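Written out below as structure tokens is the structure these notes cover.
Counting starts at 1 for both ligands and their atoms, in listed order. Everything numeric here is computed off the predicted structure, so don't read it as measured data.
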Amino acid sequence: LKEPASRTITEDGRLMLARMAKEGIETAWDRYEAQLPHCGFCELGLSCRNCVMGPCRIDPFGEGAQKGVCGADADIIVARNLCRMIAAGAASHSDHGRDLLEILKAVSEGKAPGYTIRDEAKLRRLAAELGINADDHGDLLSLAGAVAERLEEDFGTRKKAVSFVKRVPEKRLALWQKLNIVPRGIDREVVEMMHRTHMGVDNDWKSLLLHGLRTALADGWGGSMIATEISDVLFGVPKPVESSVNLGVLKKDQVNIVLHGHNPLVSEMIAQASQDESLLELARKKGASGINLAGLCCTGNEILMRRGIPMAGNHLMTELVLATGAVEMMIVDYQCIMPALGDLARCYHTRMISTSEKARFPHMEHREFHPEGARELAYQLVKEAVENFPNRIAERVYIPVEPVKIISGFSVEALLEAMGNSLDPLLDAVKNGLIKGAVGVVGCNNPRIRHDFGHVTLTGRLIANDILVVDTGCAAVAHGKAGLKQLKAAEKAGPGLRKVCETLSIPPVLHVGSCVDNIRILVLAAALANSLGVDISDLPIAAAAPEWYSEKAVAIACYAVASGIYTVLGVTPPIMGSRNIVGLLTSGLKEVVGATFAVESDPERAADLIIAHVNSKRKALGLS
Ligand code: SF4
Ligand code: WCC
Ligand code: FE2
């Protein structure tokens, strides 16, 4: 029985793990340990199963086989494997973006009752940016249809570049043009990557990796950007909002519905239904004092950012939430939903509902959402959750902590508004050294790293050194639980950052959203670079993913670096089998795209790397 404190730094996590161990309920940590030791070939990226002449493995010690059956060496195999991870990550974010466009299209055709254009101003800004003349469209719905169609074209093969490369600073775009890595079509780059990595196609590790960057850029400046922008149109641009986080957001006396996954399409409908007076009345009849929604992972981030719906936890907390015994229903869409959840829920009264045509899970009930019937289905599901309340076994309910308060909702638009609709206050603070720089701390949890330790330690060090932190995804939840998203967290910041936070009434760690919302950081970085007339790689900024696990995180890290942002990974990607590739990614890329990766599992040392990087960029800009 592993000591819970060695697995997580969080109080709710520790208490719940202890309880689950006592009840003999298995978690991701237990399954992780059952997998040890990991396969060394796979960890180094040296195994290939791209065809059935293999699988093949390269001996890292140089004694056994140095080539696969086809003749691929370590460099080719490592590059192909990494590139396929990028393609899968880019595909995931981008397919999520496409689903939003389909809803926007359905709204414009009147085929999605319940959904609407909640942010007309943003739709009009986007239309203008895309060169769509609003005067050609009599009404808003027709304009929405035109925007959806224009962005749907970004997925195809007929364009020279995806629409949002317009936002890329001039120098950066010129660099991409020179390298021939301007993303053309989102699907095109992903498909081309699958093609190139087939046996007998691209066997130059450098050319593979360059297309890897292009594929990642098709995500960052394509699919993810579409996902965020269209979510803002459909559900509103986030504004600062107060909420709370950790297992304590579940309520003993209410019907608890937990929303997990990534796409706000389902959760927004559930949020509407949960306010229905007849359902609230039904809840009271069943003995509950209300209907309480809570989020997990990025679906949680989406509804937290826009509606202030509390957040129950991040990736490694998703099983632990069920073990509270207080969840009437968990509704999932897709991505980062462990297939273990359905089985675990069978120990409790919890109903588990999957909703996406493309995502099914063992021991879940499949209730598919489509735009036409989404509102009715949401109503029905909330009703069934309420009806499940009397089945809760009161003696098994365990909600071990009180929630922690947070402030969320810092879209770029909201940040600008807080600064009087100008970037100047931020630029001035950077110039006069009150703020040394800014870092995006993002990404997942991973049982290889003590849960939330990487995020909280790194971020604590950064803000203490007057570096503003913006966060997304599961990192944001970790920071929230650690109290870093409150105004009083400014006390933990260095004197300069503290002053800025107090002047603007913002916390030192700003929540900018879900994982697709990492593009908000790109948009902000591009705007800062443009107003200084420099490239993104000249800014005193960086990114870090201290506890990443997913293919999506690889795509994000690659588009960050290709956009000129130095990125520190806390978990080693499977590339160590190729000295050439490690060299390129951690140093050679500097000459190519003006930024590199670093791998550092110790968050204290990661902080040192980032602080040194920020200071060197300041010096180059002539700032002290
Ligand atoms: Fe082996 Fe080459 Fe086939 Fe990979 S592609 S499994 S290295 S033969
Ligand atoms: Ni984004 Fe990582 Fe969380 Fe999943 S929800 S676990 S990709 S950070
Ligand atoms: Fe996510």
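- Separation of atoms CG (Asp517) and SG (Cys298) is listed at 8.0 Å; rounding is to 0.5 Å.
- Using a 4.0 Å cut-off between heavy atoms, Cys444 contacts ligand 2 through both its backbone and its side chain.
- In this structure, Tyr549 has a heavy atom closer than 4.0 Å to ligand 2.
- Note that the NZ atom of Lys481 and the CG atom of Leu484 stand 13.0 Å from one another [nearest 0.5 Å].
- Closest to atom 5 (S) of ligand 1 by heavy atom, among Arg57, Arg49, Arg80, His198, is Arg80.
- If you check which protein heavy atom lies closest to atom 3 (Fe) of ligand 1, you get Cys51 SG, 2.3 Å.
- Between Glu102 atom CD and Leu265 atom CG the span is 10.0 Å, to the nearest 0.5 Å.
- Heavy atoms of Ala553 stay at 4.0 angstrom or farther from ligand 2.
- Judged by distance alone, the side chain of Thr457 and the main-chain N or O of Gly454 form no donor-acceptor pair under 3.5 Å.
- Aromatic rings of Tyr32 and His38 (six-membered ring for Trp) have centroids within the 6.0 Å cut-off, being under it.
- For Cys56, every N, O or S atom stays at 2.8 Å or more from atom 4 (Fe) of ligand 1.
- Heavy atoms of Lys67 stay at 4.0 angstrom or farther from ligand 1.
- Less than 4.0 angstrom separates some heavy atom of Cys48 from each of these atoms of ligand 1: 4 (Fe), 5 (S), 6 (S), 7 (S).
- Under 4.0 angstrom from ligand 2, the non-hydrogen atoms of Cys515 all belong to its side chain.
- No donor-acceptor pair under 3.5 Å is formed between the side chain of Ser244 and the backbone N or O of Lys405.
- The heavy atom nearest to atom 5 (S) of ligand 2, considering only Met338, His260, Glu547, His262, is found in His262.
- Remark: ligand 1 atoms within the under-4.0 Å shell around heavy atoms of Cys70 are 2 (Fe), 5 (S), 7 (S), 8 (S).
- Rounded to the nearest 0.5 Å, atoms NE2 (His315) and CD1 (Ile337) are 11.0 Å apart.
- Those atoms of ligand 1 with a heavy atom of Met199 less than 4.0 angstrom away are 5 (S).
- Distance check, rounded to the nearest 0.5 Å: SG of Cys83 to CG of Asp202 gives 8.0 Å.
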